[in-house]
Protein chains: 2
Amino acid sequence: MNLKDLSNILGLSQTTVSRALNGYPEVSEATRLKVQEVARAHNYSPNARAKRLATGRSMTIGHILPVSKKHEMVNPVFADFIAGAGEVYSENGYDLLLSVVDDENEAESYRSLAMRGAVDGIVVHGPKVDDARIALLQDLDMPFVVHGRSSHVKSDYSWVDVNNRRAFERATGFLMDLGHNRIAMLNGLADMDFAVRRTIGYEAALKAGNIVPDPELMCFGEMTENYGFEVCRKLLELPDPPTAMVVSSIIPAIGVRRALGGAGLKIGRDMSVVSHDDDLSYFRNTGDFPAFTAVRSSVREAGRRVASALINMITGREEGPHQEMLEVELTVGQSTGPAPAMRRAMQQR
Amino acid sequence: MNLKDLSNILGLSQTTVSRALNGYPEVSEATRLKVQEVARAHNYSPNARAKRLATGRSMTIGHILPVSKKHEMVNPVFADFIAGAGEVYSENGYDLLLSVVDDENEAESYRSLAMRGAVDGIVVHGPKVDDARIALLQDLDMPFVVHGRSSHVKSDYSWVDVNNRRAFERATGFLMDLGHNRIAMLNGLADMDFAVRRTIGYEAALKAGNIVPDPELMCFGEMTENYGFEVCRKLLELPDPPTAMVVSSIIPAIGVRRALGGAGLKIGRDMSVVSHDDDLSYFRNTGDFPAFTAVRSSVREAGRRVASALINMITGREEGPHQEMLEVELTVGQSTGPAPAMRRAMQQR
DNA sequence: TGTGTTTATCAAAGCGCTTTGAATAAATCA
DNA sequence: TGATTTATTCAAAGCGCTTTGATAAACACA
């Protein structure tokens with residue numbers, strides 16, 4: 001059942017039928033109803049391929065999921081982000097094209113998507129401090145929104161980011177208020193933009209309390225559970241180990257807890273941990289007294305924001321670059337407690 | 001730059017240029033080289049929208065990501081599965097269309113994808129024991145492959161599944177060999193096909209050792225970290241608590257470990273845990289002595305298998321339903337140990 | 001030399017829609 | 001009443017490819 005068949009059945013021209021179904025005003029209400037009814041009865045759906053060619057729009061947004069060739073690592077945040085973005089796409093009649101590509105030939109993948117006309121816009125995931133994709137997409141004249149930012153890129157572009165600097169400043173400050181002064185940082189890969197911003201926040205908090213950041217306590221790596229485990233083990237072996245740490249994601253924080261358990265230590269008592277929490281659906285760190293003290297933001301919501309910003313750009317509903325900052329909230333959970341010295345002082349009373 | 005422009009530049013017809021680029025034999029080698037060279041020089045890419053209309057194929061595979069409306073839960077396995085499937089799609093020139101839809105109107109989503117001609121095939125995720133999607137897709141005449149199976153569906157269809165029954169039979173048997181006889185099971189939602197098969201395996205192992213399955217020890221739920229935590233806490237409060245458990249995913253297993261830690265118990269000593277491990281990239285349960293004893297299978301590999309099976313069906317390279325069973329491997333890690341009675345016996349020696 | 005085959009190329013139709021520009025019928029105005 | 005809008009409808013062109021069927025040139029064979 002295509003448009004031709006349908007219009008033959010109705011005894012109308014394809015023009016009229018098409019207009020009736022697409023809500024154009026130059027069709028009488030009577031025929032519109034008739035058309036809709038008959039279309040439904042024969043359950044007609046316009047062919048997407050033909051529609052896309054005719055309109056020149058693909059009604060599709062591209063997401064590129066880079067998979068690190070070395071570690072075969074997939075960003076665990078991705079699924080929840082996509083879930084948020086996907087909601088918005090559905091509501092607006094867009095499809096989501098997902099391109100899985102090893103991180104080495106990512107650029108080629110963007111170029112292909114654009115030149116083939118396969119998508120109307122692109123979402124950029126996981127920006128590096130100096131990310132070449134932004135210039136590339138500007139060059140290709142492809143609408144795009146970055147989830148995050150790229151510090152070294154000076155041009156204007158659209159982004160939705162969480163306030164990473166403030167998040168880690170608050171997390172670190174919170175630990176200092178508890179009396180900690182040896183605070184480690186377990187961050188993501190050093191070339192990721194979020195990692196850089198979080199480092200800045202961490203250092204700012206320390207400096208505000210007159211603590212000189214100790215490079216030995218600042219760690220960067222791919223945020224797996226095992227990374228948290230290994231780093232924590234090494235930190236515990238230091239002559240002057242930290243009493244607290246800020247961690248870039250709940251996943252390595254779980255590794256940290258495992259390492260502590262293995263050493264007979266208890267999280268929250270022997271080691272305070274504040275985690276950044278992307279609010280993953282399978283790991284809800286909630287409740288009255290959640291497992292982890294955390295600075296939380298919803299990736300899912302970020303997905304929604306990015307998607308609607310992009311659609312607004314494509315449809316021309318929004319002019320100029322869309323730049324949006326999301327704030328985190330600090331939730332106190334079971335993974336933090338007073339520093340040892342402070343605890344002793346409290347016990348003496 | 002479109003085909004018309006390109007053929008004008010070359011002084012050839014669109015037919016010849018199209019054929020030259022698509023590797024048809026009725027073009028002389030000389031002109032083919034010339035065409036390829038000029039196409040590259042002007043970096044021409046054929047318009048995907050036009051190509052799809054002309055060929056009648058969309059060169060796109062659909063994946064539907066159902067998001068439970070209640071819990072906003074996204075299957076954590078999804079990202080890794082997609083990563084595997086995506087590799088295969090890229091190699092074969094297919095795009096991946098991802099449709100995020102709340103689990104209530106999932107059927108509508110499949111129907112739409114098929115009727116609009118947006119995809120050439122569909123991958124079915126997370127089949128229920130009695131899954132209506134299979135009949136629906138057969139009805140729509142849409143090629144599809146199920147990741148998993150649907151026990152109550154009697155028709156022939158293509159699937160790639162892991163041997164869930166055997167996995168849990170082995171896991172349970174392993175614990176029994178260690179002397180455990182109060183073994184709990186933390187499974188997924190009871191209507192999921194994999195959960196049913198795993199239950200069968202669990203019960204078979206118990207019965208083989210003359211243990212009557214205790215309904216009190218058999219739990220079903222959405223596999224979040226918190227689920228593992230809560231269930232483990234409740235189990236510990238039983239008058240006759242289990243000494244071991246088999247868990248359907250590493251994620252709730254982490255919750256179990258947390259609950260044990262909170263009760264001052266140690267995993268592997270006070271409670272033995274064997275987990276099903278989908279080998280998530282951000283949670284590599286590997287090494288000489290991994291954190292969890294587990295029955296492991298690679299979701300990523302499953303993604304690859306499903307994708308190539310589907311492409312083979314679409315292109316007609318493979319006839320008849322593709323049915324493929326993947327076996328798990330059992331890896332002994334730190335989360336299991338002898339049952340208390342056995343340990344006492346060992347210590348007396 | 002003429003006939004049949006193979007090779008290389010092309011013009012044009014077609015994929016199933018949207019959209020332009022024209023045509024007709026109905027309604028409004030002077 | 002005729003002239004002018006306005007409301008509906010339509011035929012046909014176009015989106016940028018692929019593919020069919022035709023044609024011309026080159027080659028082979030007797």
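Note that these values count all heavy atoms, side chains included, but never hydrogens, waters or copies made by symmetry. Residue numbers begin at 1 in each chain, while the letters A, B, ... track the order of the sequences.
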Give the rounded distance in Å between these two atoms: [atom1] of [X] and [atom2] of [N].
X       : N       : atom1 : atom2 : value
K4(A)   : dC17(C) : NZ    : P     : 11 Å
L12(B)  : dA24(D) : CG    : C1'   : 15 Å
R49(B)  : dG14(D) : CZ    : P     : 18 Å
L10(A)  : dT8(D)  : CG    : P     : 17 Å
R116(B) : dC15(C) : CZ    : P     : 21 Å
D120(A) : dC15(D) : CG    : P     : 18 Å
L53(A)  : dG16(C) : CG    : P     : 12 Å
R52(A)  : dC17(D) : CZ    : C1'   : 16 Å

Closest-nucleotide mapping onto DNA chain C: is R57(A) or A50(A) further toward the 5' terminus? I mean the 5' end.
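Residue closer to the 5' terminus by nearest nucleotide: A50(A).
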Is any side-chain nitrogen or oxygen of Y44(A) closer than 4.0 Å to OP1 or OP2 of dG16(C)?
no
Does K51(A) place a side-chain N or O at less than 4.0 Å from the phosphate oxygens OP1/OP2 of dT18(C)?
yes
Counting the atoms with a prime plus P, OP1 and OP2 as sugar-phosphate, which does G117(A) contact under 4.0 Å by heavy atoms, base, sugar-phosphate, or nothing?
nothing
Within residues 16-40 of chain A, residues whose heavy atoms come under 4.0 Å of DNA chain D:
T16(A), R19(A), E26(A), S28(A), T31(A)
Do the side chains of E319(A) and M313(A) get nearer than 4.5 Å, heavy atoms only?
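In short, these two side chains do not touch, never coming nearer than 4.5 Å.
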Does a side-chain heavy-atom distance below 4.5 Å link V88(A) with Y94(A)?
no
Output yes when R52(A) and D120(A) qualify as a salt bridge under the 4.0 Å nitrogen-oxygen rule, no when they do not.
no
Are [X] and [Y] close enough that a side-chain donor and a side-chain acceptor fall under 3.5 Å?
X       : Y       : value
S28(B)  : T31(B)  : yes
T16(A)  : S13(A)  : yes
S151(A) : D193(A) : yes

Presence of donor-acceptor pair under 3.5 Å, side chain of T15(B) and base of dT18(D)
no
Are the ring centres of Y89(B) and H63(B) closer than 6.0 Å?
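Yes; H63(B) has its ring centre under 6.0 Å from that of Y89(B).
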Which nucleotide in dG16(D), dT18(D), dG16(C) has an atom nearest any side-chain atom of L3(B)
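Ranking dG16(D), dT18(D), dG16(C) by closest atom to the L3(B) side chain puts dT18(D) first.
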